[in-house]
Amino acid sequence: MGAKLGQAIGRARGGDDLVEAHEINVTPFIDVMLVLLIIFMVAAPLATVDLGVDLPASSVEPQPRPDKPVFVTVKPDLSVAVGEDVIARDTLTATLDSATHGKKDERIYLRADKAVSYGDLMEVMNLLRNAGYLKIALVGLDGRS
């Protein structure tokens, strides 16, 4: 319960016996780092919107193929072919009408090269829709190896 006399005298003379700690307090730094880690863990999945997608392969069971399917093909140079005949885009409606014998409810099989952009494929799909062909099937490679 008593204090040492030397300490009391040292304080009375203005001296300070407290020892300075020359160490860095890392506790606030660790707290900040944990908060940043949690923020990045939550935000990282939201930032992965742009994914590389290879659409031409499919793992779905193929549908039975009709006797004489009508294929519309978009080539890498963006030319359009019905069956094996390359046609102009403005004659697509007339060519499809002759290939389907005027049956607008017949399924059209649309296939495109990997080099064809999505926008160019959508243009051909819009041409088919404007021609009255609403049943469009996309053709892809069988990726169930």
Answer with yes or no whether the hydrophobic clustering places [X] together with [Y]; edges join I, L, V, M, F, W, Y residues whose side-chain heavy atoms lie under 4.5 Å apart.
{"X": "Ile39", "Y": "Phe29", "value": "no"}
{"X": "Leu127", "Y": "Met122", "value": "yes"}
{"X": "Ile136", "Y": "Ile87", "value": "yes"}

Next on the checklist: Using the side-chain contact (heavy atoms from CB on, under 4.5 Å) criterion, which residues pair with Ala94? Sequence neighbours excluded.
Outcome noted: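 Expected list: none.
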
Next on the checklist: Starting from Leu134 and following side-chain heavy-atom contacts under 4.5 Å between hydrophobic residues (I, L, V, M, F, W, Y), which residues can be reached?
Outcome noted: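 None, because no other hydrophobic side chain comes under 4.5 Å of this residue.
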
Roughly how far, to the nearest 0.5 Å, is the [atom2] atom of [Y] from the [atom1] atom of [X]?
{"X": "Leu128", "Y": "Leu92", "atom1": "CG", "atom2": "CG", "answer": "5.5 Å"}
{"X": "Leu138", "Y": "Tyr109", "atom1": "CG", "atom2": "OH", "answer": "11.5 Å"}
{"X": "Leu36", "Y": "Asp31", "atom1": "CG", "atom2": "CG", "answer": "11.0 Å"}
{"X": "Asp120", "Y": "Asp113", "atom1": "CG", "atom2": "CG", "answer": "11.5 Å"}
{"X": "Lys103", "Y": "Lys135", "atom1": "NZ", "atom2": "NZ", "answer": "12.0 Å"}

Item to check | CA sep, side-chain torsions, deciding dist, call: Thr93, Asn130, side-chain contact (heavy atoms from CB on, under 4.5 Å) | outcome: CA-CA 9 Å; Thr93 303; Asn130 292 339; over 6 Å; no

Next on the checklist: Using the side-chain hydrogen bond (donor to acceptor under 3.5 Å, both in side chains) criterion, which residues pair with Ser98? Sequence neighbours excluded.
Outcome noted: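 Ser98 satisfies side-chain hydrogen bond (donor to acceptor under 3.5 Å, both in side chains) with no other residue.
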
Checklist entry - If we only count heavy atoms from C-beta on, is the Leu96 to Val72 side-chain gap below 4.5 Å? => result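 A side-chain contact exists here, since the closest heavy-atom pair is under 4.5 Å.
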
Residues 74-84 side chain polar contacts: donor-acceptor under 3.5 Å, at least two apart:
from  : atom 1 : to    : atom 2 : distance (Å)
Asp77 : OD1    : Ser79 : N      : 3.2
Asp77 : OD1    : Ser79 : OG     : 2.8

Item to check | Listed partners of Asp97 passing salt bridge (charged side-chain N to carboxylate O under 4.0 Å, His left out), at least two apart | outcome: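 Salt bridge (charged side-chain N to carboxylate O under 4.0 Å, His left out) check on Asp97 returns Lys104.
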
Next on the checklist: Applying salt bridge (charged side-chain N to carboxylate O under 4.0 Å, His left out), can you list everything that pairs with Glu123, at least two apart in sequence or on another chain?
Outcome noted: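 Expected list: Arg89.
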
Checklist entry - Going through the distances and angles, do Thr100 and Tyr133 end up as a side-chain contact (heavy atoms from CB on, under 4.5 Å)? => result CA-CA 10 Å; Thr100 61; Tyr133 294 96; 2.9 Å; yes

Item to check | Stepwise side-chain contact (heavy atoms from CB on, under 4.5 Å) test for Val124 and Val116 | outcome: CA-CA 11 Å; Val124 175; Val116 175; over 6 Å; no

